[in-house]
Chemist: 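Sharing a structure with you now.
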Amino acid sequence: MSALICGSIAYDTIMLFSDKFKHHILPEKVHILNVSFMVPDMRREFGGCAGNIAYNLKLLGGEPLLMATVGSDFTPYADWMDQCGISRDYIKTIDKSYTAQAFITTDMDDNQITAFHPGAMMQAHENKVADAKGVKIGIVSPDGRDGMIQHAEQFVEAGVPFIFDPGQGMPMFDGDDLKRFIEQASYVVVNDYEWQLMQERTKYTPQEVAEKVTALIVTQGGEGSTIYTKDQTYHVPCAKTEKLADPTGCGDAYRAGLLYGLTNNLDWEVTGRIASLLGALKIEQPGTQNHSFTLDEFKQRYQQSFGSELLI
């Protein structure tokens, strides 16, 4: 059975400025800002929350179905998905639009200036959950506002449990919107910063959310993650890492681990550890879809990190 992943597909253009922005942006002149940065180092990555989640789930041997809208420039990404064996059956091309893309410039202090063009992503609502067949579980990850709202409603109508993952889409929703998503979802996953925002807007405690869903999952970076259910709270440790290269996409990798555990009926402790290890493997490589492993290698790393055998 497959996992339907609703969310963004995007290109990430990442540029390194070999100086510091503060040397070129004068505080007293920001009202007439006109600066140019020479960026000799640049790379283009395949990204987007849905694309990243699908890539990680496929590495584990899962069956991701991607539901997203893309532009007429999608061909290189489509070729990459074909190479990875990821289905494109529910990806819709929007003519005369670009695929969503982020242009990220990083300086030597790790400050970032990002320009994001949503492009075809804003037409995500043109895709319908009911069109996907054989779906066991879904996820509503960051996407166009209308798409996120309608896909949540459609999962409910189809009787398919789903994860609500607001991520970078959090600013689009007020307290009432978030309460509605929580009522509809079977699972909610946020990082600790997003949980603070959700808590401020809904006034819910973790226990109150856990009463409304099967589980609330809050990731906490280097502190691991916490899974709140109606009956129990699980503290999931971080997996051991060999190096820290790039945290971008670690949250998406973690969500792929959740989907894998849920589709295979694994308990929360194992599911959380699989998710944690996926995030650790991602952070060891730059970009969001450049890491790889075999299932045997994954099991070996699981044993090294958590001291127990992974039986999958």
Side-chain angles (χ1 to χ4, degrees), residues 5 12 14 16 41 43 45-62 64 84 102 104 106-112 114 139 141-142 163 165 167-168 189-195 215 217-227 233-262 264 266-312:
I5 302 168
D12 295 330
I14 301 167
L16 179 63
D41 295 319
R43 69 180 193 269
E45 303 282 2
F46 301 118
C49 293
N52 297 338
I53 294 168
Y55 177 80
N56 283 278
L57 184 55
K58 189 67 178 182
L59 286 178
L60 280 177
C84 296
I104 305 164
T106 303
D107 75 356
M108 301 309 291
D109 280 337
D110 284 332
N111 295 309
Q112 290 187 331
T114 299
I139 182 169
S141 62
I163 298 171
D165 168 26
Q168 303 99 315
V189 57
V190 287
N191 65 28
D192 49 0
Y193 176 72
E194 292 157 0
W195 168 244
I217 302 98
V218 181
T219 62
Q220 296 148 324
E223 301 301 315
S225 55
T226 304
I227 300 174
T233 298
Y234 302 89
H235 298 286
V236 180
C238 272
K240 296 177 182 178
T241 55
E242 295 178 355
K243 60 179 178 178
L244 303 177
D246 180 4
T248 308
C250 289
D252 297 329
Y254 186 99
R255 284 143 180 78
L258 293 179
L259 287 171
Y260 183 85
L262 291 168
N264 288 279
L266 302 177
D267 64 41
W268 280 117
E269 289 181 322
V270 173
T271 296
R273 282 164 169 76
I274 288 173
S276 177
L277 180 54
L278 270 177
L281 290 167
K282 207 290 342 143
I283 206 171
E284 293 174 356
Q285 298 295 330
T288 58
Q289 298 181 30
N290 294 323
H291 55 295
S292 63
F293 53 80
T294 66
L295 195 54
D296 284 342
E297 288 170 341
F298 189 85
K299 290 180 178 180
Q300 184 178 8
R301 287 289 296 269
Y302 187 98
Q303 174 80 41
Q304 292 170 354
S305 286
F306 307 116
S308 58
E309 186 178 359
L310 178 59
L311 301 173
I312 57 173

Chemist: Report the residues that fulfil side-chain contact (heavy atoms from CB on, under 4.5 Å) with A50, sequence neighbours left out, ordered by chain and then residue number.
Modeler: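 If we apply the side-chain contact (heavy atoms from CB on, under 4.5 Å) test to A50, skipping adjacent residues, the hits are I5, L66, S141.
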Chemist: Once rounded to the nearest 0.5 Å, what's the spacing between atom CD1 of I283 and atom OG1 of T241?
Modeler: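 Interatomic distance, I283 CD1 to T241 OG1, rounded to 0.5 Å: 6.5 Å.
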Chemist: Work out which heavy atom in A245 is nearest to a heavy atom in P286; give both atom names and the distance.
Modeler: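 Result for this residue pair: CB-N, 4.0 Å.
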Chemist: If you look at every heavy atom in C250 and G279, which pair is closest and at what distance?
Modeler: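 Looking at all heavy atoms of both residues, the shortest contact is SG-O, 3.5 Å.
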Chemist: If you measure from CG on L259 to CG on N56, what distance do you get to the nearest 0.5 Å?
Modeler: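 Nearest 0.5 Å value for the CG-CG distance: 10.5 Å.
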Chemist: For the residue pair L60 and L278, establish whether any side-chain heavy-atom pair is separated by less than 4.5 Å.
Modeler: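 Yes; the side chains approach each other to less than 4.5 Å.
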Chemist: I'd like to know if the side chain of D107 reaches the main chain of D109, judged simply by a donor and an acceptor atom lying under 3.5 Å from each other, with no hydrogens or angles considered.
Modeler: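 Answer holds: yes.
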Chemist: Quick one: are I217 and T226 in side-chain contact, heavy atoms under 4.5 Å?
Modeler: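 The answer is no; the side chains never approach within 4.5 Å.
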Chemist: Are any non-hydrogen side-chain atoms of E309 and Q303 less than 4.5 angstrom apart?
Modeler: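 E309 reaches Q303 side chain to side chain.
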Chemist: Measuring from atom CZ of F46 to atom SG of C84, what distance do you get when rounded to the nearest 0.5 angstrom?
Modeler: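 The distance works out to 8.5 Å.
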Chemist: Find out whether I139 and I53 are in side-chain contact, i.e. whether some heavy atom of one side chain is under 4.5 Å from a heavy atom of the other.
Modeler: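 In contact.
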Chemist: What pair of heavy atoms forms the shortest contact from T114 to A102, and how long is it?
Modeler: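 Closest pair (atom of T114, atom of A102, distance): CG2-CB, 4.4 Å.
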Chemist: Which residues pass the ring-ring contact (aromatic ring centres under 6.0 Å, His included) test with F293, sequence neighbours left out?
Modeler: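 Testing F293 for ring-ring contact (aromatic ring centres under 6.0 Å, His included), a comparison that skips the adjacent residues, returns F298.
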Chemist: Who are the side-chain hydrogen bond (donor to acceptor under 3.5 Å, both in side chains) partners of W268, not counting sequence neighbours?
Modeler: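 W268: no side-chain hydrogen bond (donor to acceptor under 3.5 Å, both in side chains) contacts found.
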Chemist: Would you mind reporting whether N264 and T271 have side-chain heavy atoms less than 4.5 Å apart?
Modeler: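 The answer is no; the side chains never approach within 4.5 Å.
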Chemist: Considering residues at least two apart in sequence or located in another chain, which fulfil the side-chain hydrogen bond (donor to acceptor under 3.5 Å, both in side chains) criterion with T288?
Modeler: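 side-chain hydrogen bond (donor to acceptor under 3.5 Å, both in side chains) list for T288, sorted by chain: N52.
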Chemist: So, do I274 and L310 sit near enough that their side-chain heavy atoms are less than 4.5 Å apart?
Modeler: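 Yes, at least one pair of side-chain atoms sits under 4.5 Å.
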Chemist: Using side-chain contact (heavy atoms from CB on, under 4.5 Å) as the criterion, list what pairs up with D296, not counting sequence neighbours.
Modeler: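 Here the qualifying residues are T294.
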Chemist: Which heavy atom of S305 sits nearest a heavy atom of L277, and at what distance?
Modeler: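 Closest approach of S305 to L277, heavy atoms only: OG-CD1, 4.3 Å.
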Chemist: What pairs with E284 under side-chain hydrogen bond (donor to acceptor under 3.5 Å, both in side chains), at least two apart in sequence or on another chain?
Modeler: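 Testing E284 for side-chain hydrogen bond (donor to acceptor under 3.5 Å, both in side chains), a comparison that skips the adjacent residues, returns R301.
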Chemist: For D165, give me all partners under salt bridge (charged side-chain N to carboxylate O under 4.0 Å, His left out), at least two apart in sequence or on another chain.
Modeler: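 With neighbours one apart ignored, the set is R255.
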Chemist: How far does CD of Q300 sit from CG of L295, to the nearest 0.5 angstrom?
Modeler: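 That separation rounds to 12.0 Å.
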Chemist: Judged by atom type as modelled, is there a donor-acceptor pair below 3.5 Å linking the side chain of K282 to the main-chain atoms of N290?
Modeler: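 A pair under 3.5 Å: no.
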Chemist: So which pairs with a foot in residues 271-290 pass ring pair (Phe, Tyr, Trp, His ring centres under 6.0 Å), sequence neighbours left out?
Modeler: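 Listed once each, the pairs would be none.
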Chemist: Can you give me the closest heavy-atom contact between T106 and Q112, atom names plus distance?
Modeler: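 In this case the closest contact between T106 and Q112 is OG1-NE2, 3.3 Å.
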Chemist: Kindly compute the distance separating CD (Q285) from OG1 (T248), expressed to the nearest 0.5 Å.
Modeler: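 So the gap between those two atoms works out to 13.0 Å.
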Chemist: Suppose we screen for ring-ring contact (aromatic ring centres under 6.0 Å, His included). Which residues come up paired with F306, at least two apart in sequence or across chains?
Modeler: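 Partners of F306 by the ring-ring contact (aromatic ring centres under 6.0 Å, His included) criterion, ordered by chain and then number, come out as Y302.
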Chemist: Under 3.5 Å, side-chain donor or acceptor atoms of residues 233-240 against the rest of the protein: list the pairs with distances, not counting sequence neighbours.
Modeler:
unit_1: Y234; atom_1: OH; unit_2: Q232; atom_2: OE1; d: 3.3
unit_1: K240; atom_1: NZ; unit_2: Q304; atom_2: O; d: 3.3

Chemist: With salt bridge (charged side-chain N to carboxylate O under 4.0 Å, His left out) as the rule and sequence neighbours excluded, what pairs involving residues 45-56 come up?
Modeler: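 Sorted result for residues 45-56: R43-E45.
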Chemist: What do the steps show when you test V218 against E194 for side chain to side chain contact (heavy atoms under 4.5 Å, CB included), and what is the final call?
Modeler: CA-CA 9 Å; V218 181; E194 292 157 0; over 6 Å; no
Chemist: Nearest 0.5 Å, please: how far is CG in D246 from NZ in K243?
Modeler: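 Interatomic distance, K243 NZ to D246 CG, rounded to 0.5 Å: 11.0 Å.
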Chemist: May I ask you to decide if G61's main-chain N or O and K58's side chain share a donor-acceptor pair within less than 3.5 Å?
Modeler: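 Checked: no pair found.
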Chemist: Answer whether the closest heavy-atom distance between the side chains of L262 and I163 falls below 4.5 Å.
Modeler: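 Touching, per the 4.5 Å side-chain cut-off.
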Chemist: I'd like to check the side-chain hydrogen bond (donor to acceptor under 3.5 Å, both in side chains) partners of Y254; sequence neighbours left out, ordered by chain and number.
Modeler: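 side-chain hydrogen bond (donor to acceptor under 3.5 Å, both in side chains) check on Y254 returns S225.
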Chemist: Is there a side-chain contact between Y55 and D252, using heavy atoms and a 4.5 Å cut-off?
Modeler: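 Sidechains of D252 and Y55: no contact.
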